[in-house]
Amino acid sequence: MPTQKHVSALKLTTQGPPYPPSEIMDKDGNFIVIGNVIQEDLTMKWTAAVVAADSPVPEFGKLAPYKVVRQLSTDELATSEEVLHTVSLPLACNNYKLVFAPEQLPHAHSVVRPSLPLHEAYIPDYRPIDGRKITSPITLGQWCQAKGTMTIEVGDTYADFSFVFEGMIPHSLYTVMGLRRHEIRPQDTVRPGPLGIPNVFIADAEGRATYSARMPNPFPPGPQSNRIIDVIVLWISSQMSFGGAIGHHGLGGDVHAQLKSGPAPFEGLETRG
């Protein structure tokens, strides 16, 4: 079968799944959400808002309205000097119980760690003499400069994903996640994983980067198939790679969603492995 080519722009975000509401916090411990904000009628509206960490948390697979502190305008996103922070551990406002790296850190949910500025986030075995590259605060305005283009070439049994990025956090390690359908189902949930191994890239001094991966049978047909439904690009606050995992904690603990595809680019794509 000849390949099919699909090109789409990635969407700016701070959000993975609905809980925690965001993978970024502000200095006051609120979530900074760029993504789907759950409304009072349980619909989702793609917008930007500050959401309280004491928002109600339903069981996994269900929704509850976010407790919105205030909305964020487009102009504020572009210019804000708000210093971004990690999500505290155990993860606040979380209902996802799976461990992201069961071989590496099976006790991940028992780790206690405060919310920290992204430029001061926990890095295992870090020593000042080793030359940490990111030493200045990362602001909301800087975060919102990120842009990415995704190209997918679909063959019979595989798909080649390639990405071009600009405006990323300079000198930073990123990971790319391929979210699959079974990873968000309430029953028999499967842990998330990377889009390719190794699945990391480093943005250069200007915030530019590229990434590519060939995935075996990513779009099997049928309503019950475990197909890729979203691709998420995450900034790694621990600045380390995790083999076959996207992080030890995920969801804002050590990786932080910055760009995502949304489901539309994958509709109608099929592979047969």
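Scope of the values below: all heavy atoms of this structure, side chains included, with no hydrogens, waters or symmetry mates. What you are looking at is a predicted structure, and each value in this text was computed from that prediction instead of being measured.
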A.B. asks: Between Ser237 and Asp254, do the side chains contain a donor N or O and an acceptor N or O under 3.5 Å apart?
C.D. replies: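 Not at all, the side chains of Asp254 and Ser237 share no donor-acceptor pair under 3.5 Å.
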A.B. asks: Verify the neighbour count for atom CG of Asp125: are there more than 12 heavy atoms of other residues, nucleotides or ligands below 6.0 Å?
C.D. replies: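 Incorrect, the count does not exceed 12.
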A.B. asks: Check whether any side-chain heavy atom of Leu179 lies under 4.5 Å from a side-chain heavy atom of Lys260, and answer yes or no.
C.D. replies: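 No. Closest side-chain heavy atoms not under 4.5 Å.
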A.B. asks: Applying ring-ring contact (aromatic ring centres under 6.0 Å, His included), can you list everything that pairs with Tyr96, at least two apart in sequence or on another chain?
C.D. replies: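 Tyr96: ring-ring contact (aromatic ring centres under 6.0 Å, His included) contacts with Phe60, Phe100.
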A.B. asks: Could you tell me how the ring of Phe165 sits relative to the ring of Phe201: parallel (under 30°), tilted (30 to 60°) or perpendicular (over 60°)?
C.D. replies: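 Answer is parallel, since the angle falls under 30°.
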A.B. asks: Shared ILVMFWY cluster between Ile184 and Leu63, side chains joined below 4.5 angstrom?
C.D. replies: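 Yes: a chain of side-chain contacts under 4.5 Å links Ile184 to Leu63.
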A.B. asks: Specify whether Phe163 and Tyr211 have parallel, tilted or perpendicular ring planes, treating 30° as the upper limit for parallel and 60° as the lower limit for perpendicular.
C.D. replies: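 Taking Tyr211 first and then Phe163, their aromatic rings sit tilted (interplane angle of 30° to 60°).
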A.B. asks: Any link between Leu251 and Ile32 through a network of hydrophobic side chains (Ile, Leu, Val, Met, Phe, Trp, Tyr) touching at under 4.5 Å?
C.D. replies: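 No; Ile32 is not reachable from Leu251 via cluster members.
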A.B. asks: Can Thr43 and Asp41 be counted as having a side-chain donor-acceptor contact under 3.5 angstrom?
C.D. replies: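 On atom types as modelled, these side chains qualify, holding a pair under 3.5 Å.
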A.B. asks: Can you hop from Met25 to Ile236 via hydrophobic side chains spaced under 4.5 Å?
C.D. replies: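 Yes.
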A.B. asks: With a 3.5 Å cut-off and no angle check, do the side chains of Thr157 and Asn217 form a donor-acceptor pair?
C.D. replies: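 Looking only at side-chain atoms, Asn217 and Thr157 do not form any donor-acceptor pair under 3.5 Å.
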A.B. asks: Report yes or no: do Ile232 and Phe242 belong to one cluster of Ile/Leu/Val/Met/Phe/Trp/Tyr joined by side chain heavy-atom distances under 4.5 Å?
C.D. replies: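 They do share one cluster, since a chain of ILVMFWY contacts under 4.5 Å joins Ile232 to Phe242.
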A.B. asks: Determine whether the side chains of Tyr126 and Gln239 contain a donor N or O and an acceptor N or O closer than 3.5 Å.
C.D. replies: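 Judged by distance alone, the side chains do not pair up.
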A.B. asks: Do Val231 and Ile229 sit in the same hydrophobic cluster, where Ile, Leu, Val, Met, Phe, Trp and Tyr count as joined when their side-chain heavy atoms come under 4.5 Å apart?
C.D. replies: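 In one cluster with Val231: Ile229, no.
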